[in-house]
Amino acid sequence: MNKHKLFLNGEWLDSAAGETFEDINPATLETIGLFQKGSMDDVNHAVDSAEEAFDSWSRTPPPQRAKILYRAARLLEERKEELARLMTMENGKVLPEARGDVQEAIDMAYYAAGEGRRLFGETTPSELPNKFCMTVRRPIGVVGLITPFNFPLAIPAWKIMPALVSGNTMVLKPSSDTPLLAVELIKILSHAGVPEGVINLVTGVGGEAGTALIKSRKVKAISFTGSLETGKWILSESGKDMKRISLELGGKNPIIVMDDAKIDLAVDGVLWGAFGTTGQRCTAASRVIVEEKVLPEFQRKLILRAKGLKAGSGLDESVDMGPLINGGQLAKVERYVQIGADEGARLVYGGSRINPLPGYFFLPTIFTEVTAEMRMAQEEIFGPVLSLIRAEDLSQAIEIANSVAYGLSSSIYTENIKNAFQAIERLDAGITYVNAPTIGAEIHLPFGGVKATGNGAREAGTTAIDEFTDLKTVYFDYSDRLQKAQIDTQN
Ligand code: NAD
């Protein structure tokens, strides 16, 4: 069996304690590799290496840094199919989705590389004569990147590429459910020419390697994507030494279907939004709020289509839905199905494991007669479980949509332009789609949410660089005399 290592200061090494953990294929339950269980000693080694490398990397001209990213993008492209297959084995997502995940990493590498010749600041007039004002960007220092299991390549790339081109050095701690793709990404970056120490990889469990990274005083910023629970802990812990934190957390994303919507289009969108990636996307649609006139037709068509979804190994091209990531997630989904039934929601399709498949498979599951305050309509389940909620009109639909703690993605299906703009204006979410489901972010637009989904950070797009740079404001006075702002300009 393949035994993988940590990447510390440009070398592939065993963990200091010599402990390992297994990476399991969630479709077959076979072990696909052994990975190092990093501890505080390994994290300290990684952070020291990153700190050592910072001076040289941060002073490398950004267009030179970008050349390495362009090379990484090309290497990712060359290996796209191989990486997608490894991802399907490790994460379970079906091959077309795994290819999409790799493509997102490729796109982000190219996009961030382009920033090597931008990294724009601002220039603006001074209120005084013979004085010049501008802002310039500076890297933050050593950054800690902690990533979840559901986009094993795309999410690390969303963080690494902008952090690298901005001149930071870093330590990546990927999910213990998907360490293999992180190892492959680091190999590619290393082959592309990222100097030793600039990027370091510590695999391991969150409570140990992740915690050590959060607690390290030399780490100046943390970029975290994961659950609300972990995010809250990170925020409170990191505040102690004033780390800069960006959090991308959970969602409970609604799709509103108005009675003027194209129903077949809405059914298509809901099916993809709710059951794509087995519901394990932060942007997955877990609530559909339907105007009452079209609810019977919508419900009938949706159930029919959900019954046609084929579950199985994602390597089989005829399969629509892979397994859940692990036994804990399967148990959580089962628990919520029970909670829904206990609360009085009506199970109309699914609700159980798929036997005799050996992996963590669960049927696409639909509940009707769900009301806004039920736990299953409020809490993130992160599985293929969809709640149908009735609404009288657009105002009530928006009220229901906004009644949860989270605010990541949202969507409305309508042919009425006024309804669409009402939704854009009033939905409390970082993202609103019109006539498309809640999933499908493009990397050149900002990504993130409001309320409990995060702390205001936006990844991707031009904002990707904001996450990994500090702005310095520069006042350059060439008047040869003392000029006093706000005083010399007074009449
Ligand atoms: P998780 O919070 O369990 O784990 C995320 C990462 O944090 C993993 O690497 C884990 O090892 C690490 N971790 C766990 N405990 C830690 C600790 N105490 N200190 C430091 N690190 C720790 O999340 P998950 O189950 O891997 O991912 C699913 C969650 O991620 C869902 O809630 C989903 O909505 C969210 N997510 C959000 C976005 C977004 O952009 N908003 C994107 C993808 C996933």
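The figures here come from the full heavy-atom set of this structure, side chains too, leaving out hydrogens, waters and symmetry mates. Both ligands and their constituent atoms are indexed starting at 1 by order of listing. Here, residue 1 is the first one in the sequence, and each next residue gets the next number.
With values rounded to the nearest 0.5 angstrom, Ile222 atom CD1 is found 11.5 Å from Leu235 atom CG. In this structure, CD in Gln329 is found 11.5 Å from CD in Glu334, a value given to the nearest 0.5 Å.
Ligand 1 does not have Phe151 within reach: every non-hydrogen atom of the residue lies 4.0 Å or more from it. Under a 4.0 Å heavy-atom criterion, Ile155 is in contact with ligand 1.
Within the 4.0 Å heavy-atom criterion, both parts of Thr211, backbone and side chain, lie near ligand 1. When heavy-atom distances to ligand 1 are checked against a 4.0 Å cut-off, Pro174 comes that close only through its backbone atoms N, CA, C and O. Of all the heavy atoms of Glu380, the ones lying under 4.0 Å from any atom of ligand 1 belong exclusively to the side chain.
When the shell of 6.0 Å around CD of Gln378 is examined, it contains more than 12 heavy atoms from other residues, nucleotides or ligands. Atom CE of Met1 has more than 12 heavy atoms from other residues, nucleotides or ligands within 6.0 Å. Summarising the local packing, CD of Glu229 is surrounded by 12 or fewer heavy atoms from other residues, nucleotides or ligands at distances under 6.0 Å.
Looking from atom 35 (C) of ligand 1 to the surrounding protein, the closest heavy atom is Gly226 O, 3.2 Å. With hydrogens left out, the protein atom closest to atom 20 (C) of ligand 1 is Gly210 C, 3.3 Å, a heavy atom. Protein heavy atom at the shortest distance from atom 13 (N) of ligand 1 is Gly206 CA, 3.4 Å. Atom 11 (O) of ligand 1 has as its closest protein heavy atom Lys173 NZ, 2.7 Å. For atom 27 (O) of ligand 1, the closest non-hydrogen atom of the protein is Pro148 CB, 3.3 Å. Among all non-hydrogen protein atoms, the one lying nearest atom 40 (O) of ligand 1 is Phe447 CE2, 3.1 Å. The single protein non-hydrogen atom nearest to atom 28 (C) of ligand 1 is Phe382 CE2, 3.5 Å, given as residue, atom name and distance. Annotation: atom 42 (C) of ligand 1 to nearest protein heavy atom, Cys282 SG, 2.9 Å.
Nearest approach of Gln36 to Thr203, heavy atoms of both residues: O-OG1, 2.7 Å.
In the vicinity of Ser227, heavy-atom distances shorter than 4.0 Å reach the ligand 1 atoms 1 (P), 2 (O), 23 (O), 29 (C), 30 (O), 32 (O). Residue contact check: Thr225 has heavy atoms under 4.0 Å from atoms 5 (C), 36 (N), 37 (C), 38 (C), 39 (C), 40 (O), 42 (C), 43 (C), 44 (C) of ligand 1. Which parts of ligand 1 touch Asn150 is read off a 4.0 Å heavy-atom cut-off, strictly below it: atoms 43 (C), 44 (C).
Listed for the Asp42 side chain is no donor-acceptor partner under 3.5 Å among the backbone atoms of Ser15. With hydrogens and angles disregarded, a donor-acceptor distance shorter than 3.5 Å links the side chain of Ser313 to the backbone of Leu315.
Cation-pi geometry between Arg281 and Trp272 is met: under 6.0 angstrom from the ring centre, within 45 degrees of the axis. In this structure, Lys93 satisfies the cation-pi test against Phe151, with its NZ or CZ atom closer than 6.0 Å to the six-membered ring centre and inside 45 degrees of the ring normal.
The heavy atom nearest to atom 37 (C) of ligand 1, out of those in Thr203, Thr283, Leu249, Leu213, is found in Leu249. Nearest-residue assignment for atom 12 (C) of ligand 1 (options Asp177, Ile325, Ile146; heavy-atom criterion): Ile146.
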Audit row: Glu343, Arg375, salt bridge (Lys or Arg N to Asp or Glu O under 4.0 Å) steps and yes/no = CA-CA 8 Å; Glu343 287 179 311; Arg375 279 185 67 190; 5.5 Å; no
For Glu184 and Lys187, run salt bridge (Lys or Arg N to Asp or Glu O under 4.0 Å): C-alpha distance rounded to whole Å, both residues' side-chain angles, the deciding distance at 0.1 Å, then the answer.
-> CA-CA 5 Å; Glu184 295 302 324; Lys187 280 185 196 163; 3.3 Å; yes
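Between Arg305 and Asp268 a salt bridge is recorded (basic side-chain N to carboxylate O distance below 4.0 Å).
In this structure, atom 32 (O) of ligand 1 is in close contact with the protein, since a protein heavy atom lies within 4.0 Å of it.
Of the polar atoms of Thr147, at least one N or O is found under 3.5 Å from an N or O of ligand 1, judged by distance alone. Residue-to-ligand polar distances place Thr230 within reach of ligand 1: an N/O pair is separated by less than 3.5 Å.
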